[in-house]
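Position 1 is the first residue of the sequence; numbering continues from there. Everything numeric in this text was worked out from a predicted model, so none of it was measured.
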Amino acid sequence: MAASSSSSLRIPAPTRHPAAGARPLRLPFHSVSVRPRRSPVSASASPQQAPGPGDGDRANGRTGVPVQLPFSRDAAIALPRPLTSADLMGEASGEGLKVAYQGCPGAYSEAAAKKAYPSCETVPCEYFETAFQAVENWVADRAVLPLENSLGGSIHRNYDLLLRHRLHIVGEVRLAVRHCLLANRGVKIENLRSAMSHPQALAQCEQTLTKLGIEHREAVDDTAGAAKHIAEQNLQDTAAVASSLAAQLYGLDILAENIQDDADNVTRFMMLAREPIIPRTDKPFKTSIVFSLEEGPGQLFKALAVFALRKINLTKMESRPHKKRPLRVADDNSTPLKHFDYLFYVDFEASMADPNAQNALSNLKQEFATFLRVLGSYPTDVTEA
């Protein structure tokens with residue numbers, strides 16, 4: 001859901017960060033072990049020669065034996081302490097992180113970013129691709145973007161961007177979407193002639209809006225952007241379909257809550273970063289991949305069998321035309337036929353640290369796939385939407 005607001009982030013021309021291509025991780029002092037380096041010994045030096053005054057460091061360099069120093073309480077207090085699990089909680093809470101999302105403040109994507117990283121600083125972006133670029137160009141540390149909705153289906157644009165950019169999926173978060181009907185102060189439902197929102201939000205509330213007597217629909221790029229526009233223009237006959245947070249931010253009244261036609265309206269968001277996370281096997285993990293296959297009968301069936309034979313459960317499968325090779329020519333006995341060449345996006349319940357998953361992907365790559373890329377291996381969201 002792209003936003004048209006001028007307050008959204010626009011990324012300047014890409015510039016190379018001095019640490020681009022390198023992991024932005026710096027080891028703490030206490031985690032580095034340094035072995036003393038032996039100093040070269042001259043052939044004329046006598047091995048039995050005792051070190052003279054001030055030669056303690058040189059002697060230590062030759063022998064590798066640490067020098068005994070007197071104990072100092074101040075020095076002990078200044079020593080770095082070992083890392084604790086509390087030190088690692090900042091990453092999970094998002095403290096100090098800038099998280100990009102698409103839309104204006106008050107968008108559902110911002111709520112998803114706050115659910116994923118509660119203490120983060122959110123960065124609104126005008127387009128989905130702007131959020132990708134924000135992370136790539138070090139303007140933001142993470143991006144949280146929608147991947148699929150339980151009513152509207154997949155967000156195809158973001159599937160295409162996953163392949164175009166080199167970011168990694170490091171997590172997922174599910175958010176229950178609760179649409180509200182918002183209008184300026186003093187406006188009543190009977191005064192409304194039009195509803196403004198993102199096309200998917202309007203489709204999700206179609207029956208309710210019709211029952212309320214609102215016949216006209218106006219599609220815009222973002223739900224929160226619709227609320228902002230109505231507030232700025234002080235529209236008296238138009239309402240926005242947006243979140244309750246958008247009503248608070250833009251000073252609008254909530255005329256009706258939970259106006260979506262289906263109560264089970266959940267959007268799944270992906271969390272993106274420049275570097276992948278280390279996969280684990282001590283908690284539920286999900287892995288996302290994309291691959292293409294050679295033409296032939298049963299090729300997809302055979303490719304998916306590498307997971308079934310290892311009892312790996314697939315949770316999602318999406319096919320998209322291969323934009324770099326949109327058409328494939330297949331010869332039969334009469335005339336050559338042209339049809340789409342496809343990429344297959346698959347999610348499965350396993351960690352890349354699991355040998356079963358490693359063997360399945362190795363089998364897929366060696367026997368069937370003409371192209372294979374792991375988009376991410378990340379913890380499954382098991383929280384309530």
Gln207-Asp261 side chain donor-acceptor pair, cut-off 3.5 Å: no
Any donor-acceptor N/O pair, Arg217 side chain to Glu215 backbone, under 3.5 Å: yes
Electrostatic pair Glu318-Arg320, nearest N-O below 4.0 angstrom: no
Mutual orientation of the aromatic rings belonging to Tyr159 and Tyr345 [parallel < 30°, tilted 30-60°, perpendicular > 60°]: perpendicular
Note, Leu167 side chain near Arg274 side chain (heavy atom, < 4.5 Å): yes
ILVMFWY network linking Leu202 to Ile254, side-chain heavy atoms under 4.5 angstrom: no
Residues Glu129 and His165: side-chain donor-acceptor under 3.5 angstrom: yes
Side-chain heavy atoms of Leu162 within contact of Val290, under 4.5 Å: no
Side chain to side chain, Tyr250 and Pro105, heavy atoms closer than 4.5 Å: yes
Same cluster (ILVMFWY, side-chain, under 4.5 Å), Val187 and Leu209: yes
Flag side-chain contact, heavy atom, 4.5 Å: Leu181 against Leu212: yes
same_hphob_cluster(Phe128, Tyr101) at 4.5 Å side-chain heavy-atom cutoff: no
Can you give the donor-acceptor pairs under 3.5 Å from side chains of residues 168-178 to other protein atoms, not counting sequence neighbours?
from	atom 1	to	atom 2	distance (Å)
Glu172	OE1	Arg268	NE	2.7
Glu172	OE1	Arg268	NH2	3.3
Glu172	OE1	Lys286	NZ	3.2
Glu172	OE2	Lys286	NZ	3.3
Glu172	OE2	Asp381	N	2.9
Arg174	NH2	Thr383	O	2.5
Arg178	NH1	Ala263	O	3.3

Any side-chain donor near an acceptor of the partner, Gln200 and Asn149, under 3.5 Å: no
Distance, nearest 0.5 Å, that separates CE of Met196 from OG1 of Thr223: 12.5 Å
Heavy-atom side-chain contact between Ile277 and Pro379 under 4.5 Å: yes
Verify same cluster id: Leu235, Val220 (apolar side-chain graph, 4.5 Å): yes
Close aromatic pair by centroid cut-off 6.0 Å: Tyr108 and His179: yes
Candidate pair Asn191 and Gln236, rule side-chain contact (heavy atoms from CB on, under 4.5 Å), full reasoning: CA-CA 7 Å; Asn191 303 138; Gln236 300 296 306; over 6 Å; no
Leu161 vs Tyr127 side-chain heavy atoms within contact, under 4.5 Å: no
CD on Glu148 to CZ on Phe269, rounded to 0.5 Å: 11.0 Å
Test item: side-chain donor near acceptor, Thr370 and Ser292, under 3.5 Å: yes
Any donor-acceptor N/O pair, Ser150 side chain to Val266 backbone, under 3.5 Å: yes
Between OG on residue Ser244 and CG on residue Leu252, distance to nearest 0.5 Å: 12.0 Å
Euclidean distance, Asp237 CG relative to Leu192 CG, rounded to 0.5 Å: 7.5 Å
Check ion pair Lys302-Glu367 (N to O, under 4.0 angstrom): no
Non-hydrogen atoms of Cys104 and Gly225 that approach each other most closely: SG-CA, 3.8 Å
Nearest heavy atoms of Phe285 and Pro279, plus distance in Å: CE2-CA, 3.7 Å
From Tyr378 atom OH to Thr287 atom OG1, the distance as rounded to the nearest 0.5 Å: 7.5 Å
Ser362 and Gln358: side chain donor to acceptor below 3.5 Å: no
Side chain proximity check, Met270 to Asn158, heavy atoms < 4.5 angstrom: yes
Side-chain heavy atoms of Leu182 within contact of Ile230, under 4.5 Å: no
From CG (Leu364) to CZ (Phe344), nearest 0.5 Å: 11.0 Å
Minimum-distance pair of heavy atoms, taken over all atoms of Ala357 and Ser351: CB-O, 3.4 Å
Within 6.0 Å of CZ in Arg193, more than 12 heavy atoms from elsewhere: no
Exceeds 12 heavy-atom contacts within 6.0 angstrom, atom NZ of Lys365: no
Lys98 with Asp141: basic N within carboxylate O range, under 4.0 Å: no
Same apolar cluster (I L V M F W Y, side chains within < 4.5 Å links), Leu145/Leu151: no
